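See below for the structure under consideration.
Both ligands and their constituent atoms are indexed starting at 1 by order of listing. Start at 1 with the first residue, then count along the sequence. Just so you know, these numbers come straight off a predicted model, no measurement behind them.
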Amino acid sequence: MNLLLERLHSALVTLQLSEADALLENHLEGAVQQERTYADFLCLLLEAEVEARRTRALAARMRMAALPSPKRLSQFDFAFQPSIDERQVRELATLRFVSDASNIILLGPPGVGKTHLAVALAVEAIAGGNSVSFVTAHDLTTDLGRAAREGRLETRLRRYLKPKVLVIDEVGYLPLDTVGATIFFQLVSARYERGSIILTSNKSYSDWGQVFGETTIASAILDRLLHHATTINIRGESYRLKERRKAGLLSAPVKAEPTKTA
Ligand code: ADP
Ligand code: MG
């Protein structure tokens with residue numbers, strides 16, 4: 001390797017420009033062959049570094065989010081669930097809710113796409129450069145309950161306060177005891193007007209008293225949660241049932257359709 005190249009590599013490594021370092025020879029050769037200007041060469045090399053960093057950061061945010069599956073908005077069949085206003089979901093996907101620190105509450109029976117939409121909006125938020133964390137209500141209250149017993153609730157809460165968007169899935173499947181409900185309230189209060197929550201629940205708001213054990217704490221939680229929030233109430237059939245039905249239909253004999261002539 002000639003001395004100049006060695007110095008270049010060493011400088012790029014010191015500056016932690018690893019992509020530029022890896023591409024250096026290639027780009028130098030390309031610049032000679034294509035008779036690129038100095039500015040053109042430098043621009044291409046640095047842009048490759050920027051792009052690689054962006055991709056790495058996106059992958060890191062996806063990992064950190066711990067999404068159950070990377071569902072996308074493009075995979076959601078709005079025609080199947082007419083109770084959902086597609087325009088409203090598209091507006092949410094612009095991520096204004098993230099900068100406003102407002103919340104999204106998805107309500108409805110099992111299988112109607114609550115988790116799918118929550119995850120899809122989370123993926124949009126990640127793509128938009130935001131930190132996201134996904135947790136089920138059960139895991140959240142178990143984790144924070146343990147921390148409270150061990151006298152480190154404050155520290156542990158930070159894990160759920162840090163991300164710009166916190167997805168809390170399946171609120172209401174399991175009722176919470178008073179400690180769980182109090183911890184949940186603390187979390188919602190601490191995130192209030194500071195960071196968004198995307199929450200899914202199979203229980204309508206009127207049943208939240210049951211979920212949180214008593215109506216006082218449930219209304220205190222709802223008060224903060226709903227002050228700046230969009231509620232999407234999904235009514236309709238379970239997509240899982242539809243898929244099962246479709247599978248059943250497919251195994252039945254299919255009547256041959258007349259072939260169309262052009
Ligand atoms: P919920 O959280 O409401 O119980 P999910 O979001 O887990 O339901 O949806 C169940 C399954 O059906 C998932 O695999 C999801 O991707 C799929 N699904 C639900 N609704 C739709 C839809 N409208 N279009 C496409 N897939 C859907
Ligand atoms: Mg779900």
Side-chain angles (χ1 to χ4, degrees), residues 62-95 97-98 102-127 130 132-144 160 163 165-176 180-181 184 187-188 191 196-208 210-212 218 221-222 225-226 229-251:
M62 276 296 267
R63 264 197 318 276
M64 291 289 293
L67 302 175
S69 59
K71 300 273 177 182
R72 302 300 308 251
L73 222 44
S74 57
Q75 297 164 320
F76 196 82
D77 179 4
F78 284 94
F80 178 75
Q81 218 57 267
S83 67
I84 301 174
D85 179 358
E86 181 174 353
R87 255 198 358 233
Q88 189 181 37
V89 176
R90 303 262 169 229
E91 151 63 26
L92 291 171
T94 65
L95 303 180
F97 79 97
V98 180
S102 76
N103 304 321
I104 301 174
I105 323 290
L106 296 146
L107 303 178
V112 292
K114 302 182 297 296
T115 303
H116 185 134
L117 284 178
V119 166
L121 289 168
V123 170
E124 293 299 321
I126 291 168
N130 302 285
V132 171
S133 188
F134 180 102
V135 68
T136 64
H138 177 69
D139 287 351
L140 173 78
T141 43
T142 305
D143 183 36
L144 288 178
Y160 302 101
V165 178
L166 178 68
V167 185
I168 309 176
D169 198 26
E170 299 185 341
V171 172
Y173 277 104
L174 299 169
L176 296 174
F184 199 91
L187 174 63
V188 169
R191 287 193 68 91
S196 302
I197 293 175
I198 302 179
L199 183 150
T200 82
S201 179
N202 61 331
K203 295 279 196 302
S204 63
Y205 292 136
S206 54
D207 293 333
W208 279 34
Q210 263 168 279
V211 174
F212 293 101
I221 289 169
L222 280 176
L225 205 57
L226 299 186
T230 303
T231 299
I232 298 179
N233 228 319
I234 314 177
R235 291 169 301 275
E237 210 192 342
S238 159
Y239 197 83
R240 294 191 191 103
L241 273 183
K242 176 212 141 168
E243 295 217 302
R244 240 173 278 155
R245 197 165 299 148
K246 200 170 77 184
L249 271 181
L250 283 178
S251 59

Taking N or O atoms only and a 3.5 Å limit, does [X] qualify as a polar contact for ligand 1?
X: F76; answer: no
X: P110; answer: no
X: Q81; answer: no
X: Y173; answer: no

Inset, instruction - State if V112 counts as touching ligand 1 under the rule of any non-hydrogen atom under 4.0 Å. - result: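 Under 4.0 Å: yes for V112.
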Legend entry - ligand 1 contact by G108, heavy-atom criterion under 4.0 angstrom: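 False for this residue.
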Legend entry - side-chain contact (heavy atoms from CB on, under 4.5 Å), paired with I198, selected from I104, D169, I168: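 So, applying the side-chain contact (heavy atoms from CB on, under 4.5 Å) to I198 and each of I104, D169, I168, only I104 qualifies.
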Legend entry - Pick from R240, K114, H116, K242: the one approaching atom 7 (O) of ligand 1 most closely through a non-hydrogen atom: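 Nearest heavy atom to atom 7 (O) of ligand 1 lies in R240.
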Legend entry - Mode of Y239 contact toward ligand 1 - side chain, backbone, both, neither (heavy atoms, under 4.0 Å):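 For Y239, only side-chain atoms sit under 4.0 Å from ligand 1.
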Inset, instruction - Using a 4.0 Å heavy-atom threshold (strictly under), name the region of K71 that reaches ligand 1: side chain, backbone, both or neither. - result: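 Near ligand 1, K71 shows its side chain, while the N, CA, C and O stay back.
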Inset, instruction - Just say parallel, tilted or perpendicular for the rings of W208 and F212, cut-offs at 30° and 60°. - result: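 Answer is tilted, since the angle falls between 30° and 60°.
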Legend entry - K71 to F76, cation-pi by 6.0 Å centre distance and 45° axis angle: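 Judged by the rule, K71 and F76 form no cation-pi pair.
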Legend entry - Where at least one partner belongs to residues 83-93, residue pairs that pass side-chain hydrogen bond (donor to acceptor under 3.5 Å, both in side chains), sequence neighbours excluded: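 Qualifying pairs: E86-R90.
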Inset, instruction - Mind listing the protein N/O/S atoms less than 2.8 Å away from the Mg ion (ligand 2)? Waters don't count. - result: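 Near the Mg ion (ligand 2), below 2.8 Å, one finds T115 OG1.
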